[in-house]
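In the text below, chain A, chain B and the rest are named by the order of the sequence lines, each starting its count at 1.
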Amino acid sequence: MAKYTRLRGTTDFIPPQSEILRSTENKITETIKTFGFREIITPTLERKALFTRSIGETTDIVEKEMFSFKDKGGREVVLRPEGTAPVVRAYVEEGIYGRQKFVRYFYRGSFFRYEKPQAGREREFHQIGVEVLGCRSPYLDAEIIYLGVKILETLAIKDFTLELGSVGCLQDRKAFVEKLKVSLGNRVDLLCKDCKRRTEQNPLRIFDCKVKECRKLAEHLPSLLDNLCNDCKNHLHKVENTLKELHVRYHLHPHLVRGLDYYTGITFEFQHNLLGAQNTILAGGRYDNLVEEIGGAYTPACGFALGLERILLALKEEGKTPADRNGIQAFACYVSEKEFLPAFCLTQELRKRGITSDLDYSGKNLKHQLKSANRVKAKYSVILGEDEIKEGKVLLKNMDTGEQKLLSKEEAIEIIKQ
RNA sequence: GUGAGCGUAGCUCAAUCCGGUUAGAGCACUGGACUGUGGAUCCAGGGGUUGGGGGUUCAAUUCCCCUCGCUCACCCCA
């Protein structure tokens with residue numbers, strides 16, 4: 001047993017997992033960039049108040065899931081649990097809204113929540129998110145959802161469903177929660193323990209409950225979508241029409257609820273059908289009041305975040321895990337110790353010419369070195385012995401076919417590069 | 001935070017139910033058959049505090065308790 005182990009819920013990404021993570025991340029950000037987004041990099045550490053204010057005091061994230069501590073100056077700080085609030089904070093703090101009315105940012109990085117780990121849920125996890133600030137057009141909402149579709153398409157993820165909903169504007173939501181409480185009346189006692197708590201903290205969540213009694217009761221409760229104001233209704237319709245125009249298939253969810261308080265209006269979730277309990281791979285929505293909440297001028301906004309670990313799980317479930325590719329193109333070998341230095345120098349020269357190469361430092365025989373070459377799946381071995389040195393040539397061996405040729409260095413490089 | 005299942009070699013697992021000699025196998029690793037040629041084959045070898053601690057017993061990998069860890073689910077969320 002190792003003396004020092006990873007902290008619970010954290011992961012060591014070792015090759016090839018690290019490479020799969022990075023290449024997936026790169027594919028995603030390339031797609032995002034084609035939509036005009038530019039990267040914003042914000043600190044991992046933030047003031048605790050930023051999140052209590054934006055996500056909501058009574059949400060689980062704030063109440064019990066933040067890695068929080070006091071720094072040496074006595075400041076309450078946290079490892080960021082999500083990405084939207086920091087982006088908005090930077091937008092306000094850096095005065096961006098004064099210079100540019102409409103911006104598209106994307107971010108990527110580690111986020112932290114102190115939860116009990118399970119499939120698709122880590123304490124340190126990786127998200128990529130996009131945020132558009134300064135636009136309230138429903139076409140933009142549709143476009144952001146479309147970007148989500150495009151990302152999954154690029155990754156060849158197919159087995160997902162898109163849930164679309166609206167939580168309404170602040171007024172709608174306040175009014176609806178009141179209506180819900182009245183409608184619930186003294187039937188609150190019939191609800192499960194969790195739902196009793198929910199009626200106080202996030203009543204809309206009652207619709208998500210899996211307990212039979214609660215579901216039965218929920219059927220007779222008023223629907224959120226039926227209680228939207230005209231603006232919110234029209235907005236939703238326009239988003240729907242645009243999605244149809246873009247041939248995006250979605251499912252209208254009457255009670256799609258988000259766990260963060262800042263969402264207003266449109267919300268959406270991409271759920272993967274082969275994943276376990278944590279099956280939301282990409283989700284977001286509109287948050288028109290957050291910028292004001294954080295101290296900026298009224299700025300409507302919309303965005304989403306995707307969970308990289310969950311995307312990776314989805315790829316795995318669909319059998320699309322890329323093959324382990326070790327990039328060694330050429331492996332230099334020396335027949336005896338005398339040729340070690342020439343082989344060493346040859347390796348450096350190959351690298352200078354853009355060829356990924358390596359050699360075996362053990363000083364052992366050729367056989368051992370070829371084994372090493374085989375182990376790193378080298379495409380070619382370049383063998384240097386007394387004879388080769390004398391003739392100023394190298395012996396190029398194709399590791400797949402076993403075929404080998406005596407060539408000049410330049411000829412060998414040409415072939416390796418092909 | 002709650003619940004269930006599981007911790008045996010680097011990895012995947014067996015032996016645990018019903019306590020009993022030296023805890024086995026495959027893969028991986030090291031060396032040899034083969035001192036200028038890898039993958040295949042054969043032979044040999046190294047590797048274990050059975051997660052940790054305590055208890056019951058003549059005897060514990062096996063039974064009991066505690067603890068740590070992992071996994072999944074609830075909750076929550078990306």
With rounding to the closest Å, how many angstrom separate the P atoms on B:U12 and B:C76?
34 Å

Looking at A:Gln118, does any N or O in its side chain come under 4.0 Å of the phosphate oxygens OP1/OP2 on B:A73?
yes

Using a cut-off of 4.0 Å on non-hydrogen atoms, how would the nucleic acid contact of A:Gly83 be classed: base, sugar-phosphate, or nothing?
nothing

Report the base-pairing partner of B:C6 (Watson-Crick or G-U wobble, both distances below 3.5 angstrom), or none.
B:G69

Looking only at side-chain N and O atoms, does A:Arg375 come under 4.0 Å of OP1 or OP2 in B:A28?
no

Taking the side chain of A:Leu370 as its heavy atoms from C-beta onward, which of B:U37, B:C76, B:G39 lies nearest to it?
B:U37

Earlier contact from the 5' end, RNA chain B, for A:Ala119 and A:Gln127
A:Ala119

Atom pair distance, as rounded to whole Å: CD1 in A:Ile151 and C1' in B:A78
13 Å

Using whole Å, report how far CD of A:Glu115 lies from P of B:A73.
13 Å

A:Asn374 has its side chain closest, among B:G1, B:A78, B:G38, to B:G38

Given the C1' atoms of B:C18 and B:C29, what is the spacing between them in whole Å?
38 Å

Determine whether A:Phe13 and A:His126 satisfy the following criterion, ring-ring contact (aromatic ring centres under 6.0 Å, His included), listing intermediate values before the conclusion.
CA-CA 12 Å; A:Phe13 287 91; A:His126 296 80; 5.6 Å; yes

Please name the nucleotide paired to B:U56 by Watson-Crick or G-U wobble geometry with both distances under 3.5 Å, or report none.
none

Out of B:A78, B:G39, B:C34, which has the shortest distance to the side chain of A:Ala305?
B:A78

Nearest to the side chain of A:Leu366, which nucleotide is it out of B:G31, B:A78, B:G36?
B:G36

Rounded distance in Å - CZ (A:Phe304) to P (B:A78)
13 Å

Taking only the side-chain nitrogens and oxygens of A:Lys364, find out if one of them lies under 4.0 Å from OP1 or OP2 of B:G31.
yes

Checking side-chain polar atoms at under 3.5 Å, does A:His272 have a donor or acceptor matched by the opposite partner on A:Glu317?
no

Going by heavy atoms closer than 4.0 Å, what residues in residues 380-390 of chain A are next to RNA chain B?
A:Ile383, A:Glu386, A:Asp387, A:Glu388

What is the distance from CD of A:Gln278 to C1' of B:C74, rounded to the nearest Å?
10 Å

Taking the basic N atoms (NZ, or NE/NH1/NH2) and the acidic carboxylate oxygens, is any pair closer than 4.0 Å for A:Glu143 and A:Arg104?
yes

Let's see if you can work this out: which of B:A78, B:U37, B:A73 has an atom nearest to the side-chain heavy atoms of A:Ala277?
B:A73

Assign A:Lys64 to base, sugar-phosphate, or nothing according to its heavy-atom contacts below 4.0 angstrom with the strands shown.
nothing

Determine which nucleotide pairs with B:G24, using a 3.5 Å limit on both distances of a Watson-Crick or G-U wobble pair.
B:C13

Kindly confirm or rule out a cation-pi arrangement of A:Arg123 over A:Tyr114, judged by NZ or CZ under 6.0 Å from the six-membered ring centre and within 45° of its axis?
yes

Taking the P atom in each of B:A60 and B:U67, what is the distance between them to the nearest angstrom?
24 Å

Partner of B:G31 under the Watson-Crick or G-U wobble criteria, both distances under 3.5 Å, comes out as B:C43

Between P of B:G1 and NZ of A:Lys116, the distance in whole Å
7 Å

Taking all heavy atoms of A:Thr31 and all of A:Thr34, pick out the closest pair and write down the distance.
O-OG1, 2.6 Å

Is the shortest side-chain N to carboxylate O distance from A:Arg351 to A:Asp358 below 4.0 Å?
yes

Would you indicate what A:Lys371 reaches in the nucleic acid, counting non-hydrogen atoms under 4.0 angstrom: base, sugar-phosphate, or nothing?
sugar-phosphate

Taking the basic N atoms (NZ, or NE/NH1/NH2) and the acidic carboxylate oxygens, is any pair closer than 4.0 Å for A:Lys393 and A:Glu391?
no

What is the nucleic acid contact for A:Asp400, judged by heavy atoms within less than 4.0 Å: base, sugar-phosphate only, or nothing?
base

Considering only atom P, compute the distance from B:G7 to B:U62 and round it to an integer number of Å.
12 Å

B:G51 to B:C6 separation - P atoms, rounded to the nearest Å:
13 Å

When both distances are under 3.5 Å in a Watson-Crick or G-U wobble arrangement, the nucleotide paired with B:C75 is none

Return the pairing partner of B:G36 with a 3.5 Å limit on both distances, Watson-Crick or G-U wobble; otherwise return none.
none

Assign each of A:Asp60 and A:Arg6 to its nearest nucleotide of RNA chain B by heavy atoms, then name whichever residue's nucleotide is nearer the 5' end.
A:Arg6

Please give, in whole Å, the distance from B:G38 P to A:Lys397 NZ?
7 Å

A:Ser372 side chain to A:Gln369 side chain, donor-acceptor N/O pair below 3.5 angstrom
no

On a whole-Å scale, what distance lies between the C1' atoms belonging to B:U57 and B:G20?
12 Å

Touch class at under 4.0 angstrom, heavy-atom based, for A:Gly402 against every strand present:
base

If the P atom of B:G3 is compared with that of B:G10, how far apart are they to the nearest Å?
33 Å

Under 4.0 Å between a side-chain N/O of A:Arg198 and OP1 or OP2 of B:C76, yes or no?
yes

With sugar-phosphate meaning primed atoms plus P, OP1 and OP2, does A:Leu395 contact a base, only sugar-phosphate, or nothing at under 4.0 Å between heavy atoms?
base

Rounded to whole angstroms, how far apart are CZ on A:Phe106 and C1' on B:A78?
17 Å

Does the side-chain ring of A:Phe125 sit on the six-membered ring of the B:A78 base, less than 5.5 Å centre to centre and under 30° in tilt?
yes

In whole angstroms, the gap separating P of B:G1 from CZ of A:Arg113 amounts to 18 Å

Can you identify which nucleotide, out of B:U2, B:C70, B:C75, has its nearest atom closest to the A:Arg8 side chain?
B:C70

Base, sugar-phosphate or nothing for A:Gln404? Non-hydrogen atoms, less than 4.0 Å.
base

Nearest-Å distance once atom P is located in both B:A9 and B:A14
12 Å

Look at A:Lys352 together with A:Glu349 and state whether they make a salt bridge at an N to O cut-off of under 4.0 Å.
no

Describe, in one word, how the ring planes of A:His255 and A:Phe207 are oriented to each other, choosing from parallel (under 30°), tilted (30 to 60°) and perpendicular (over 60°).
parallel

So, is A:Arg258 close to the B:A78 phosphate, meaning a side-chain N or O under 4.0 Å from OP1 or OP2?
yes

With the threshold set at 4.0 Å, does a side-chain nitrogen-carboxylate oxygen contact exist between A:Lys364 and A:Asp360?
no

